[in-house]
Amino acid sequence: MELTIYLAGEIHSDWRKQLKEKAKELPYTLHFTGPMENHERSDQIGEEILGEQPSPVFKDDAASAFNNLRTQVLMQKADLVIALFGEQYKQWNTAMDASAALTAGKPLILIRPEKLHHALKELSRKATVTVETPDQALKAVSYIFEEE
């Protein structure tokens with residue numbers, strides 16, 4: 001069995017790279033997808049496809065359309081979603097992606113540090129499971145493959 005996992009969450013740190021490296025040590029195949037991690041490309045994609053926009057608001061709207069397209073397609077193809085809430089950045093996109101995963105009926109592993117418990121308590125209760133670290137998320141995935 002193989003799983004495709006959509007990695008939702010902030011794109012400013014290397015948490016995805018670290019998780020993927022640790023996953024390589026596991027005895028089964030995991031495929032990872034996620035948002036565009038190149039922030040500049042993510043911000044510019046609307047104008048790259050549609051051309052120059054008349055204002056920063058229109059530029060953001062155009063980029064958002066293509067980033068949402070990417071997220072929707074890749075998340076629909078995923079078997080499960082891991083959403084990381086870090087402590088450093090505002091996490092609106094993470095909350096939106098976690099909600100989209102739940103709406104689509106995708107199993108959701110929510111990673112949030114204990115200090116964000118109160119702020120994320122409702123989302124945490126709707127997630128399939130909530131953990132505090134990426135390592136715990138990988139252990140949860142490993143349990144899926146465990147045999148008697």
Side-chain angles (χ1 to χ4, degrees), residues 1-50 59-148:
M1 177 172 67
E2 298 179 2
L3 289 178
T4 298
I5 302 172
Y6 186 90
L7 299 176
E10 55 94 0
I11 63 171
H12 303 286
S13 70
D14 68 346
W15 74 273
R16 284 179 184 82
K17 180 180 178 185
Q18 291 177 25
L19 189 141
K20 290 174 188 177
E21 286 300 314
K22 289 179 181 178
K24 287 179 184 176
E25 299 170 10
L26 300 174
Y28 37 83
T29 304
L30 301 175
H31 303 283
F32 295 99
T33 63
M36 172 54 65
E37 294 181 56
N38 179 329
H39 198 190
E40 181 70 18
R41 177 124 172 91
S42 174
D43 285 348
Q44 302 301 324
I45 191 63
E47 288 193 329
E48 287 180 25
I49 293 173
L50 299 175
K59 179 181 176 180
D60 282 348
D61 283 348
S64 294
F66 295 104
N67 287 319
N68 286 337
L69 171 69
R70 177 190 172 100
T71 297
Q72 185 176 3
V73 169
L74 295 178
M75 192 179 289
Q76 286 296 327
K77 291 183 172 289
D79 297 303
L80 95 101
V81 174
I82 295 176
L84 176 129
F85 282 86
E87 297 181 34
Q88 187 174 1
Y89 302 100
K90 294 178 181 160
Q91 305 290 311
W92 297 300
N93 284 359
T94 308
M96 182 181 70
D97 287 350
S99 177
L102 292 168
T103 299
K106 299 291 178 178
L108 173 65
I109 298 174
L110 185 72
I111 304 171
R112 57 113 182 98
E114 184 177 354
K115 74 186 255 182
L116 294 180
H117 167 77
H118 182 75
L120 296 169
K121 64 186 181 297
E122 284 82 11
L123 184 57
S124 182
R125 292 287 291 165
K126 293 205 180 250
T128 310
V129 296
T130 299
V131 298
E132 294 182 359
T133 67
D135 285 342
Q136 290 174 334
L138 278 180
K139 287 179 182 178
V141 171
S142 293
Y143 184 66
I144 295 169
F145 290 89
E146 193 173 305
E147 296 182 21
E148 291 184 50

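Along the sequence shown, the residues carry numbers beginning at 1. Computed from a predicted structure; not experimentally measured.
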4.5 Å side-chain heavy-atom contact, L7 and L84:
no
Can you give me the closest heavy-atom contact between L138 and A23, atom names plus distance?
CD1-N, 3.9 Å
If you measure from CE on M1 to CD1 on I144, what distance do you get to the nearest 0.5 Å?
6.5 Å
Nearest-0.5 Å distance, OG of residue S64 to CG of residue D43
9.0 Å
side-chain contact (heavy atoms from CB on, under 4.5 Å) between V141 and I82, worked out
CA-CA 10 Å; V141 171; I82 295 176; 4.3 Å; yes
The side-chain hydrogen bond (donor to acceptor under 3.5 Å, both in side chains) partners of E114 (sequence neighbours excluded) come to none
Nearest 0.5 Å please: distance from the CZ atom of R70 over to the CE atom of M75.
11.5 Å
K121 atom NZ, neighbour heavy-atom count above 12 within 6.0 Å:
yes
If you draw a 6.0 Å radius around CD in Q72, do more than 12 non-hydrogen atoms from other residues or ligands fall strictly inside?
no
Heavy-atom donor-acceptor pair, N67 side chain to S42 backbone, under 3.5 Å:
yes
Would you mind reporting whether I11 and P35 have side-chain heavy atoms less than 4.5 Å apart?
yes
I'd like to know if the side chain of T4 reaches the main chain of A78, judged simply by a donor and an acceptor atom lying under 3.5 Å from each other, with no hydrogens or angles considered.
no
So CD1 of I5 and CZ of R16: to nearest 0.5 Å the spacing works out to 12.5 Å
Can you find a pair of side-chain heavy atoms, one from V81 and one from D97, that are under 4.5 Å apart?
no
For A140, enumerate each residue passing the side chain to side chain contact (heavy atoms under 4.5 Å, CB included) test, keeping only those at least two apart in sequence or located in another chain.
I109
Determine, step by step, whether Q76 and K106 satisfy the side chain to side chain donor-acceptor pair (under 3.5 Å) criterion, reporting the C-alpha distance in whole Å, the side-chain angles of both residues, the deciding distance to 0.1 Å, and the verdict.
CA-CA 8 Å; Q76 286 296 327; K106 299 291 178 178; 4.8 Å; no
Taking C-beta and beyond as the side chain, do N93 and T71 meet within less than 4.5 Å on heavy atoms?
no
Reported CG-to-NZ distance for the pair L120 and K115, which is rounded to 0.5 angstrom:
12.5 Å
State plainly whether the residues K24 and E21 are in salt-bridge range, i.e. N to O under 4.0 Å.
yes
So which atom in F85 and which in P113 form the shortest heavy-atom distance, rounded to 0.1 Å?
O-CD, 3.1 Å
Would you indicate whether the side-chain heavy atoms of W15 and Q18 approach each other to under 4.5 Å?
no
Between the CD1 atom in I45 and the CG atom in L69, the distance rounded to the nearest 0.5 Å is 10.0 Å
Is the ring pair F145/Y28 parallel, tilted or perpendicular, if the boundaries are 30 and 60 degrees?
parallel
So, S124 side chain and T130 main chain: donor-acceptor pair closer than 3.5 Å or not?
no
